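Heads up, the thing below is written out as structure tokens.
Any value given below was found using the heavy atoms of this structure, including those in side chains, with hydrogens, waters and symmetry copies removed. Everything numeric here is computed off the predicted structure, so don't read it as measured data.
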Amino acid sequence: MPQRNVPRPAAVYGIDLGKNIFHVVALGSDGTVVQRVRFRRDTLLQFFQRAAPAIVGMESCAGSQWVARKIQTLGHKVRLIPAQFVKPYVKSNKSDIIDAEAIAEAATRPTMRFAALKTEEQTDLQALHRVRDQMIGTRTRLINQMRAFCLEYGVALRQGAGLFKLDLPEALKDPTNDLSPAMRKLLSELFADLRQLETRIADVTREIEANADREDAARRLMTIPGIGALGATALLAAVGNGRQFQKARDLAAWLGLVPREYSTGGKQKLLGISKRGNRYVRKLLVHGARSCFRHLDRTKDRLGSWLDGLQARMHPNKAVVALAAKMARIVWVVLTKPGALYERRDPAFT
């Protein structure tokens, strides 16, 4: 290894991640730059293996979790920083080295917010959810496309995936409609693709549910009204044990379920929910809250009286989001206190 790439004594390292090239800036204990180097992927870990244990900061982005896990096993303390929190520390012009220096400086701030490191199991589980969500979107697009093709020939099918799957075979068998032979063949092939896609979605769903059955934390989360196997495993993949959040409201805020604030001059101004954080998990919580809002037996659950009061003074959609925020708070309690279960008669959850 060239002499310039030998680690020098440093307190903090900042890494600007790339696909193949990584830029590293080292800061001393007084915050001054002591080293600027660049590496390829195969030499980056060799550098940190030779370096004394220090704080290593990097942006939370694609590929950062793997690098963070590898560097952490070498004895360093890794801090993942959301990219929007690094930007204020970029001075003047922008380059990879300047970005790495900004990351190193941001990693030393006592009030900085850091992203949690994910385990391999969390990454695998999150990948299952992302693949399932992508396939569901593909299914919707495929159904919409087939419905549009039918409309071009004057065949109007009912809305909804279930009704569509009943109506399309009948339309294909009906010789009295205006579908051309070429279009019937094309629609038959697309319908076969749809069946195959649904089989794949069902397989991935069963795999996610099997993960939920194996995980004790997932089973505890499923005791919360409105949270099933999908919601429980998505939460575990996204937040892990939840200990990176100091209090329950922090988890709800991270999911974007609390009001966005724009206050000045001593006057508080609250807007709609911020919609920050993990959009997929927020969507599952809101859908679960909507189901809970409609079907929860309010005479047997302490949430019932709270929901009744909420529904009396605001629009049902707002009440659903408020319930989702409360569910997120309960999730934090269940995750951070392993002995805790959602007790329907426990006033601590109301």
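Counting non-hydrogen atoms of neighbouring residues, nucleotides and ligands closer than 6.0 angstrom, the NZ atom of Lys283 exceeds 12 such neighbours. In Glu189, the CD atom is crowded: over 12 heavy atoms of neighbouring residues, nucleotides or ligands sit closer than 6.0 Å. Enclosure of atom CD in Gln84 by more than 12 non-hydrogen atoms of other residues, nucleotides or ligands within 6.0 angstrom is indicated. A 6.0 Å sphere centred on CZ of Arg41 holds more than 12 heavy atoms belonging to other residues, nucleotides or ligands.
Here the closest heavy-atom approach between residue Ile103 and residue Ile15 is recorded as CD1-O, 3.3 Å. What you find for Val25 and Glu101 is that their closest heavy atoms are CG2-N, 3.8 Å. Of all non-hydrogen atoms in Pro82 and Ala115, the two that sit nearest each other are CD-N, 4.4 Å. In terms of heavy atoms, Pro225 sits closest to Cys292 at CB-SG, 3.7 Å. Closest approach of Gln244 and Ala116 over heavy atoms only: NE2-CB, 3.7 Å. The shortest heavy-atom contact between Ala104 and Leu27 is CB-CD1, 3.6 Å.
Side chains of Ile55 and Thr108 form no contact here, defined as non-hydrogen atoms less than 4.5 Å apart. In this structure, the side chains of Thr233 and Glu215 stay at 4.5 Å or more apart for every pair of heavy atoms. A 4.5 Å side-chain heavy-atom check between Asp99 and His23 finds every atom pair outside the cut-off. Between Asn278 and Trp254, some side-chain heavy-atom pair lies under the 4.5 Å cut-off. Within the 4.5 Å cutoff, no side-chain heavy atoms of Leu179 are placed close to those of Asp174. In this structure the side chain of Gln122 reaches within 4.5 angstrom of the side chain of Thr119, judged on heavy atoms. In this structure, Phe85 and Arg109 have side chains that are not in contact, with every pair of non-hydrogen atoms separated by 4.5 Å or more. A heavy-atom distance below 4.5 Å is found between the side chains of Leu236 and Leu335.
Summarising the geometry, atom CG belonging to Leu235 is positioned 8.0 Å from atom CD1 belonging to Ile224; distances are rounded to the nearest 0.5 Å. Put simply, CD on Glu198 and CE on Met135 are 11.0 Å apart, with the number rounded to the nearest 0.5 Å. Here the straight-line distance linking atom NE2 of His129 with atom CG of Asn211 works out to 8.0 Å at 0.5 Å rounding. Interatomic distance, His315 NE2 to Leu310 CG, rounded to the nearest 0.5 Å: 12.5 Å. Within the model, atoms CZ of Arg276 and CZ of Arg282 stand 11.0 Å from one another, a figure rounded to the nearest 0.5 Å. Here the OG-NZ distance, from Ser188 to Lys173, works out to 11.5 Å after rounding to the nearest 0.5 Å.
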How far apart are the C-alpha atoms of Asp16 and Ile97, what are their side-chain angles, what is the distance that settles it, and do they pass the side-chain contact (heavy atoms from CB on, under 4.5 Å) test?
CA-CA 7 Å; Asp16 182 63; Ile97 284 293; over 6 Å; no

Please determine whether side-chain contact (heavy atoms from CB on, under 4.5 Å) holds for the pair Phe293 and Gln311, giving the CA-CA distance in whole Å, both sets of side-chain angles, and the decisive distance to 0.1 Å.
CA-CA 10 Å; Phe293 187 80; Gln311 191 173 7; 3.6 Å; yes

Candidate pair Phe245 and Trp332, rule ring-ring contact (aromatic ring centres under 6.0 Å, His included), full reasoning:
CA-CA 8 Å; Phe245 304 104; Trp332 182 84; 8.6 Å; no

Let's go through Met58 and Ile71 carefully: what are the C-alpha distance in whole Å and the side-chain angles of both, what is the deciding distance for side-chain contact (heavy atoms from CB on, under 4.5 Å) to 0.1 Å, and is it a yes or a no?
CA-CA 11 Å; Met58 63 188 78; Ile71 293 179; 4.0 Å; yes

Walk me through it: do Asp167 and Glu170 pass the test side-chain contact (heavy atoms from CB on, under 4.5 Å)?
CA-CA 5 Å; Asp167 290 350; Glu170 297 298 325; 5.8 Å; no

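Ion pair Asp96/Arg38 not flagged as a salt bridge, since none of the NZ, NE, NH1 or NH2 atoms sits closer than 4.0 Å to an Asp/Glu carboxylate oxygen. Comment: Glu121 does not engage Arg214 in a salt bridge, judged by the lack of any side-chain N to carboxylate O separation of less than 4.0 angstrom. Salt-bridge annotation for Asp203 and Arg200: absent, with no side-chain N of the basic residue lying under 4.0 Å from a carboxylate O of the acidic one.
Cluster membership check: Leu45 shares its hydrophobic cluster with Leu80, using side-chain heavy-atom separations under 4.5 Å among Ile, Leu, Val, Met, Phe, Trp and Tyr. Connection of Leu172 to Ile143 is established within a shared hydrophobic cluster, with ILVMFWY side chains joined at heavy-atom distances below 4.5 Å, either directly or through further cluster members. A continuous path of Ile, Leu, Val, Met, Phe, Trp and Tyr side chains, each step under 4.5 Å between heavy atoms, connects Leu117 with Leu17, placing both in one hydrophobic cluster. Cluster annotation: Leu166 and Leu187 are assigned to distinct hydrophobic clusters (Ile/Leu/Val/Met/Phe/Trp/Tyr, side-chain heavy-atom contacts under 4.5 Å, transitive). Under the 4.5 Å side-chain heavy-atom criterion for ILVMFWY residues, no single connected hydrophobic cluster contains both Leu168 and Leu163.
A donor-acceptor contact shorter than 3.5 Å is absent between the side chain of Ser291 and the backbone of His287. No side-chain donor-acceptor contact under 3.5 Å links Arg79 to the backbone of Gly57. Side-chain atoms of Arg243 come within 3.5 Å of backbone atoms of Thr336 as a donor-acceptor pair (strictly under, hydrogens ignored). Remark: side-chain polar atoms of Gln35 are paired, donor with acceptor, to backbone N or O of Val6 under 3.5 angstrom. A donor-acceptor pair under 3.5 Å is formed between the side chain of Arg69 and the backbone N or O of Lys118. Within the 3.5 Å criterion, the main-chain N or O of Arg158 finds a donor-acceptor partner in the side chain of Arg147. No donor-acceptor distance shorter than 3.5 angstrom exists from the side chain of Thr223 to the backbone of Arg219, with no hydrogens or angles considered. The closest donor-acceptor contact from the side chain of Arg249 to the backbone of Arg329 lies at 3.5 Å or more, if one exists at all. Here the side chain of Arg8 pairs a donor or acceptor atom with the backbone of Val34 at under 3.5 angstrom. Remark: side-chain polar atoms of Ser60 are not paired, donor with acceptor, to backbone N or O of Ile81 under 3.5 angstrom.
Paired with Phe39 under the rule ring pair (Phe, Tyr, Trp, His ring centres under 6.0 Å), one option of Phe48, Tyr13, Phe22, Phe47 passes, and it is Phe47.
Checked by atom type, the side-chain pair Glu209/Thr205 shows no donor-acceptor distance below 3.5 Å.
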